[in-house]
Amino acid sequence: MLAQDGEPAAGGPLPRGFFAGSSLAVAPRLLGCVLEHETSEGLVAVALTEVEAYNGSGDPASHAYRGRTGRNAVMFGEPGHAYVYFTYGMHFCVNLVCRPERTASAVLLRAGRVTDGVPLATARRPAARNGNDLARGPARLCQALGIDRGLDGADVCDPGSPLRIRPVPGTGSGHPVPDVSRGPRVGISAAADRPWRFWLTGDPTVSPYRGHVPRARPKPVSLPAAGDGTIHR
DNA sequence: AACCGGATCGTCT
DNA sequence: GACGATCCGGTTG
């Protein structure tokens, strides 16, 4: 019997068909799935607990909103690949590309529980106070897994890829429907009202909600353009 | 628990 | 030249 499109093959990573839908449809189904990264240091696996949908060209908060660039090129390619970007001069975040046609949509992986390779993840994240903190936040998740820009474009549906994603453990096909919550996305200024963030209700590894905070301008206020040097007060 | 400043640099205007 | 799909450590409440 052939597995249906979108159904995981036994023992292997999620099939590419899993990512055929829109980011909004795929995002909640990724909860509970396991992202793993294997390096010479070892393997770290993370069960996803929090994700956000970014709906490509129709979404002002998406990196793809203003079209294809060198950085976001992977978003416009085949679904099932990782889009890894660098931000704030020091952090990486990872997305999984969904249907690319006309939308370049993707799902940002925001948090998860480390289920394998805890010692290695802890070594990579010395600031973590406890196990829940290891992958609590998109940049922390990448840090725990050892993900950087070198993995941009990695095929997570390929069993031979160092970065791959497996279905929810214990489920041969289909996905159990855990208690999923949804709400506004974190840290964005545009389209902040769209409830496109999904997480496992009450899970302690979910990152706290933070709204967008504009950075203070380093530029001081301009002085009065006085020409005669007279002091006014 | 909430808030603040600093770190730091690739990317796009 | 400005701005982040962030994190951390410290301070305040």
Side-chain angles (χ1 to χ4, degrees), chain A residues 22-24 26-28 30-31 35 46 48-76 81-98 103-112 114 121-153 181-199 202 204-222:
Chain A
S22 74
S23 58
L24 274 168
V26 172
L30 278 170
L31 294 174
L35 184 69
V46 167
L48 302 175
T49 58
E50 179 190 358
V51 297
E52 281 178 356
Y54 283 84
N55 222 3
S57 54
D59 181 1
S62 170
H63 288 174
Y65 185 57
R66 289 175 175 80
R68 178 174 179 153
T69 67
R71 173 172 74 153
N72 67 19
V74 169
M75 288 183 90
F76 292 79
H81 290 251
Y83 162 49
V84 181
Y85 68 90
F86 180 66
T87 191
Y88 286 100
M90 64 190 91
H91 296 307
F92 298 98
C93 296
V94 62
N95 294 250
L96 299 183
V97 177
C98 301
T103 65
S105 67
V107 178
L108 171 68
L109 310 184
R110 283 200 58 89
V114 177
T122 303
R124 287 170 172 162
R125 291 224 56 239
R129 295 177 169 275
N130 55 64
N132 291 336
D133 257 11
L134 287 172
R136 191 174 190 243
R140 291 169 170 184
L141 181 144
C142 282
Q143 215 173 315
L145 283 163
I147 294 175
D148 63 19
R149 207 101 228 269
L151 286 169
D152 187 47
S181 296
R182 65 184 292 179
R185 295 174 291 183
V186 175
I188 55 169
S189 54
D193 56 315
R194 303 185 191 178
W196 292 352
R197 174 189 182 221
F198 301 85
W199 67 92
T205 65
V206 171
S207 70
Y209 177 79
R210 300 190 205 301
H212 173 75
V213 280
R215 186 175 55 165
R217 312 178 79 186
K219 197 177 181 179
V221 293
S222 58

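Protein chains get the first letters and strands the later ones, always in sequence-line order, with residue 1 at the start of each.
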Trainee: For a quick check of understanding: with a heavy-atom distance under 4.0 Å over all strands, which category does L108(A) fall into, base, sugar-phosphate or nothing?
Mentor: base
Trainee: Look at all strands and tell whether Y88(A) reaches a base, only sugar-phosphate, or nothing, counting heavy atoms closer than 4.0 Å.
Mentor: base
Trainee: In whole Å, I'd like the distance from the CG atom of L141(A) to the C1' atom of dC7(C).
Mentor: 14 Å
Trainee: Please identify each residue that fulfils side-chain hydrogen bond (donor to acceptor under 3.5 Å, both in side chains) with S22(A), with sequence neighbours left out.
Mentor: none
Trainee: State the dot-bracket string of DNA chain C. Criteria: Watson-Crick or G-U wobble, both atom distances under 3.5 angstrom; notation: ( ) intrastrand, [ ] crossing earlier pairs, | interstrand, . unpaired.
Mentor: ||||.|||||||.
Trainee: Cut-off 3.5 Å, no hydrogens considered: what does the side-chain donor-acceptor table look like for residues 135-142 of chain A, sequence neighbours left out?
Mentor:
{"residue": "R136(A)", "atom": "NE", "partner": "P204(A)", "partner atom": "O", "Å": "3.3"}
{"residue": "R136(A)", "atom": "NE", "partner": "V206(A)", "partner atom": "O", "Å": "3.1"}
{"residue": "R136(A)", "atom": "NH2", "partner": "V206(A)", "partner atom": "O", "Å": "3.4"}
{"residue": "R140(A)", "atom": "NH1", "partner": "R136(A)", "partner atom": "O", "Å": "3.0"}

Trainee: Rounding to a whole Å, what distance do you find between D193(A):CG and dA5(C):P?
Mentor: 17 Å
Trainee: What is the distance from NE2 of H212(A) to C1' of dA2(C), rounded to the nearest Å?
Mentor: 12 Å
Trainee: Contact class for R71(A) vs. all strands (heavy atom < 4.0 Å): base, sugar-phosphate, or nothing?
Mentor: sugar-phosphate
Trainee: Please identify each residue that fulfils side-chain hydrogen bond (donor to acceptor under 3.5 Å, both in side chains) with D133(A), with sequence neighbours left out.
Mentor: none
Trainee: The criterion is salt bridge (charged side-chain N to carboxylate O under 4.0 Å, His left out); which residues satisfy it with R124(A), sequence neighbours excluded?
Mentor: E41(A)
Trainee: Rounded to the nearest 0.5 Å, what separation is found between the CZ atom of F76(A) and the OG atom of S57(A)?
Mentor: 7.0 Å
Trainee: Tell me the interatomic distance from Y85(A), atom OH, to dG4(C), atom P, rounded to whole angstroms.
Mentor: 12 Å
Trainee: Quick one: pull up CG in N72(A) and OG in S62(A) and give me the separation to the nearest 0.5 Å.
Mentor: 7.5 Å
Trainee: May I ask you to list the residues of residues 51-70 of chain A, by number, that have any heavy atom positioned under 4.0 Å from an atom of DNA chain B?
Mentor: R66(A), T69(A)
Trainee: Please enumerate all residues that pass side-chain hydrogen bond (donor to acceptor under 3.5 Å, both in side chains) together with T122(A), with sequence neighbours excluded.
Mentor: none
Trainee: The criterion is side-chain hydrogen bond (donor to acceptor under 3.5 Å, both in side chains); which residues satisfy it with N95(A), sequence neighbours excluded?
Mentor: none
Trainee: Once side-chain hydrogen bond (donor to acceptor under 3.5 Å, both in side chains) is applied, what residue pairs with a partner in residues 186-198 of chain A remain, sequence neighbours excluded?
Mentor: E50(A)-R197(A)
Trainee: In whole angstrom, what separates E50(A)'s CD from dA5(C)'s C1'?
Mentor: 11 Å
Trainee: What is the distance from atom OG of S207(A) to atom CG of N132(A), rounded to the nearest 0.5 Å?
Mentor: 12.5 Å
Trainee: So, taking the atom named OG1 in T103(A) and the one named CE in M75(A), what distance separates them when rounded to the nearest 0.5 Å?
Mentor: 8.5 Å
Trainee: Taking the six-membered ring of Y54(A) as reference, does the NZ or CZ atom of R185(A) fall below 6.0 Å from its centre and within a 45° cone about the axis?
Mentor: yes
Trainee: Start at the 5' end of DNA chain B and walk down; is the nucleotide closest to H91(A) or to R149(A) reached first?
Mentor: H91(A)
Trainee: Would you kindly give the CD1-to-P distance between I188(A) and dG4(C), to the nearest whole Å?
Mentor: 11 Å
Trainee: When you compare the protein's N or O atoms with those of nucleotides 8-12 of chain C, which come within less than 3.5 Å of each other, and at what distance?
Mentor:
{"residue": "dC8(C)", "atom": "OP1", "partner": "R125(A)", "partner atom": "NH2", "Å": "2.2"}
{"residue": "dC8(C)", "atom": "OP2", "partner": "R140(A)", "partner atom": "NE", "Å": "2.7"}
{"residue": "dC8(C)", "atom": "OP2", "partner": "R140(A)", "partner atom": "NH2", "Å": "2.4"}

Trainee: 5' to 3' on DNA chain B, which nucleotides open and close the contacts with chain A (atom under 4.0 Å from a heavy atom)?
Mentor: dA7(B) to dT13(B)
Trainee: My understanding is that only residues two or more places apart in sequence, or in another chain, count here; which of them pass ring-ring contact (aromatic ring centres under 6.0 Å, His included) with Y85(A)?
Mentor: H63(A), Y83(A)
Trainee: Does a nitrogen or oxygen in the side chain of R197(A) sit under 4.0 Å from OP1 or OP2 of dA5(C)?
Mentor: no
Trainee: Hey, does L35(A) have a side-chain heavy atom less than 4.5 Å from the side chain of L145(A)?
Mentor: yes
